[in-house]
Amino acid sequence: DLLLNYYSESCPNAEDIIKQEVTDLYNEHGNTAVSWVRNLFHDCMVKSCDASLLLETVNGIESEQASERSFGMRNFKYVSTIKEALEKKCPLTLGGPRIEMKTGRRDSKESYGNFVEESLPNHNDSITLVLSRFQSIGLDVEGIVALLGGPRIEMKTGRRDSKESYANFVEESLPNHNDSITLVLSRFQSIGLDVEGIVALLGAHSVGRTHCTNLVHRLYPTVDPTLDPQYAEYLKGRCPTPNPDPKAVLYARNDRETPMILDNMYYKNLLGHKGLLIVDQQLTSDPTTYPYVEKFAADNGYFQDQFAKAVLLLSENNPLTGADGEIRKDCRYANSI
Ligand code: HEM
Ligand SMILES: [Ca+2]
Ligand SMILES: [Ca+2]
């Protein structure tokens, strides 16, 4: 099962090491924090919080990162930075239970010199024997939401990694930016979130950015009438043409007021008709979601409590535990590769 402080015996410093790395990365590139929040969503919604998202395209495996839905995701390379720090610093001497051993073994007649290297790991082999790669993301989000001014969320650890990529499930698991509110709600309800939790979770769009390709249909040829006209003018300045080159780094911030703080400004923006994506703005037009938009807009503390609850629920979607899945040696590839 997932536990609080799962590695307390096998690697007591694991969580501190990860938190330190995450904080260092945040201080260097604040937007790494933002990416981990989105990573949690894109991994956990697709089957399980099992790092399936981290697998790269290789040997006929198609990465989930290649999906249209993953457009704009960034900073994957820093997962390795965190992983390397763990390998370097985490003591290989593992704590564990007291084990009562049987005796009566006899001695071999020969030496097995040839088998030593293939049998014994080397001093620089990976600590991933004990640590699930995706812990880094799970723990990242815990610390990172706090770095971003959001609530501190105590997360359980002990998730194991998937053996495969679920690229085929990405589109049916993750809503699209222009999907109907009914579809959005049903996707999240399928992992056990209620309407209030869903509205809270979308508050993650209080940080980060959206590329023009995801926006221009609300600006051209005519401006979406649910968008504040002045705000639309601003967005047109950010996205000056109806057909932006998808490779160009043209984007608008999700929350122009407090772009790097995970706060309830998102809901205030929605009430001011400044929702960026169609799925965002729809939260104000649906009678089941609207009351929560108002409630969160009025009370940041209340929003943070609901956000924390919803993130916890998301982070515990269908985890691989026990003998399920595996512990990847390299988080980018299944061990069988
Ligand atoms: C209906 C559900 C959702 C849809 C359709 C959606 C869609 C999107 C899109 C299209 C972007 C912009 C990507 C780009 O152009 O670069 C984005 C960004 C983002 N999303 Fe969502 N999202 C949803 C829910 C969530 C949830 C539940 C979370 C986290 C709990 C989340 C976290 C983020 C973050 C942090 C960003 C900014 C990423 C960055 O700046 O690198 N989203 N989302
Ligand atoms: Ca997954
Ligand atoms: Ca904000």
Side-chain angles (χ1 to χ4, degrees), residues 29-55 64 68-76 134 137 141 144-145 148-150 153 159 161-162 164-167 169-171 173-181 183-188 191 193 197-216 239 244 246 249-269 276-280 282-283 289 300 303 307-308 310-315 317-320 325:
H29 321 277
N31 59 35
T32 54
V34 172
S35 346
W36 308 135
V37 180
R38 193 173 180 214
N39 276 10
L40 184 84
F41 168 52
H42 281 237
D43 183 36
C44 293
M45 279 297 279
V46 179
K47 288 264 183 193
S48 155
C49 304
D50 59 359
S52 57
L53 172 68
L54 299 183
L55 290 174
E64 294 173 18
E68 253 314 281
R69 291 284 198 283
S70 307
F71 184 84
M73 294 192 88
R74 46 183 170 161
N75 294 324
F76 286 111
F134 195 66
I137 302 300
V141 171
I144 220 66
V145 169
L148 288 169
I153 307 169
R159 294 167 194 79
D161 305 323
S162 77
E164 43 187 322
S165 161
Y166 300 106
F169 287 90
V170 175
E171 298 211 353
S173 311
L174 295 169
N176 207 350
H177 61 90
N178 53 1
D179 276 347
S180 75
I181 187 79
L183 190 77
V184 170
L185 293 178
S186 78
R187 289 272 190 271
F188 285 106
I191 67 157
L193 279 156
I198 298 164
V199 177
L201 207 55
L202 278 162
H205 289 167
S206 185
V207 293
R209 64 179 182 180
T210 293
H211 286 80
C212 294
T213 32
N214 286 321
L215 290 179
V216 281
C239 303
V249 191
L250 280 174
Y251 62 88
R253 288 183 146 166
N254 287 338
D255 171 1
R256 198 181 166 193
E257 312 295 326
T258 55
M260 290 301 286
I261 303 177
L262 215 159
D263 57 4
N264 67 340
M265 192 61 76
Y266 170 75
Y267 305 97
K268 296 183 191 172
N269 290 338
L276 224 47
L277 302 176
I278 288 178
V279 289
D280 297 320
Q282 280 186 127
L283 296 180
T289 54
N300 192 41
F303 157 64
F307 181 75
V311 167
L312 266 183
L313 216 141
L314 176 66
S315 79
N317 181 34
N318 210 12
L320 297 175

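The analysis underlying the following values was restricted to heavy atoms, covering all of them including side chains, and did not include hydrogens, waters or symmetry mates. First listed ligand is number 1; within each ligand, the first listed atom is number 1.
For the pair Q282 (side chain) and D179 (backbone), a donor-acceptor distance under 3.5 Å is present. In this structure a side-chain-to-backbone donor-acceptor pair under 3.5 Å is missing from S70 to M73. The main-chain N or O of L174 is found under 3.5 Å from a side-chain atom of R69 such that the two form a donor-acceptor pair. Side chain of N317 to main chain of L314: no donor-acceptor pair is present (N/O by atom type, distance under 3.5 Å, no hydrogens or angles). A donor-acceptor pair is defined here as one N or O able to donate and one able to accept, closer than 3.5 Å; such a pair exists between the side chain of D43 and the backbone of A51.
Residues L202 and L283 are in side-chain contact: their nearest non-hydrogen atoms beyond the backbone lie under 4.5 Å apart.
Not one N, O or S atom of M265 sits under 3.0 Å from the Ca ion (ligand 3). In summary, S162 places no N/O/S atom under 3.0 Å from the Ca ion (ligand 2), failing the contact criterion. Residue contacts to the Ca ion (ligand 2): D43 brings an N, O or S atom closer than 3.0 Å. Taking backbone and side chain together, D255 holds an N, O or S atom under 3.0 Å from the Ca ion (ligand 3). Using a cut-off of 3.0 Å, one finds that V46 contributes an N/O/S atom close to the Ca ion (ligand 2). For a distance bound of 3.0 Å, the N, O or S atoms of S48 include one lying that close to the Ca ion (ligand 2). Between the Ca ion (ligand 3) and G149 there is no N/O/S contact shorter than 3.0 Å. With a cut-off of 3.0 Å, the Ca ion (ligand 3) has no N, O or S atom of M260 in range.
Among protein heavy atoms, the minimum distance from atom 36 (C) of ligand 1 is reached at R38 CD, 3.7 Å. The protein non-hydrogen atom at the shortest distance from atom 7 (C) of ligand 1 is L277 CD1, 3.6 Å. Of all protein heavy atoms, the one lying nearest to atom 16 (O) of ligand 1 is H211 ND1, 2.6 Å. Given atom 43 (N) of ligand 1, the protein heavy atom at minimum distance is H205 NE2, 3.0 Å. For atom 41 (O) of ligand 1, the closest heavy atom belonging to the protein is R74 NE, 2.7 Å. Protein heavy atom in closest approach to atom 30 (C) of ligand 1: A204 CB, 3.6 Å.
Checking S48 against N318 by side-chain atom types alone, no donor-acceptor pair falls below 3.5 Å. A donor-acceptor contact under 3.5 angstrom links the side chains of S52 and E64, judged on distance only.
Between R209 and ligand 1, a contact under 3.5 Å exists for at least one N or O pair. Note: an N/O pair closer than 3.5 Å links N214 and ligand 1 by distance alone.
When all heavy atoms are compared, the tightest approach of V216 to P244 is CG1-CD, 3.8 Å.
The minimum distance between the Ca ion (ligand 2) and any N, O or S atom of D50 involves atom OD1. Summary: OD1 is the N/O/S atom of D263 found nearest to the Ca ion (ligand 3).
For the pair O of I261 and O of S206, the angle whose vertex sits at the Ca ion (ligand 3) is 90° to 10 degrees.
Checked options D280, V34, L277, L276; the residue passing with N254 is L276 (criterion: side-chain contact (heavy atoms from CB on, under 4.5 Å)).
For ligand 1, the atoms lying closer than 4.0 Å to a non-hydrogen atom of H177 are 5 (C), 10 (C).
Aromatic rings from F307 and Y266 are positioned such that their centres are separated by 6.0 Å or more.
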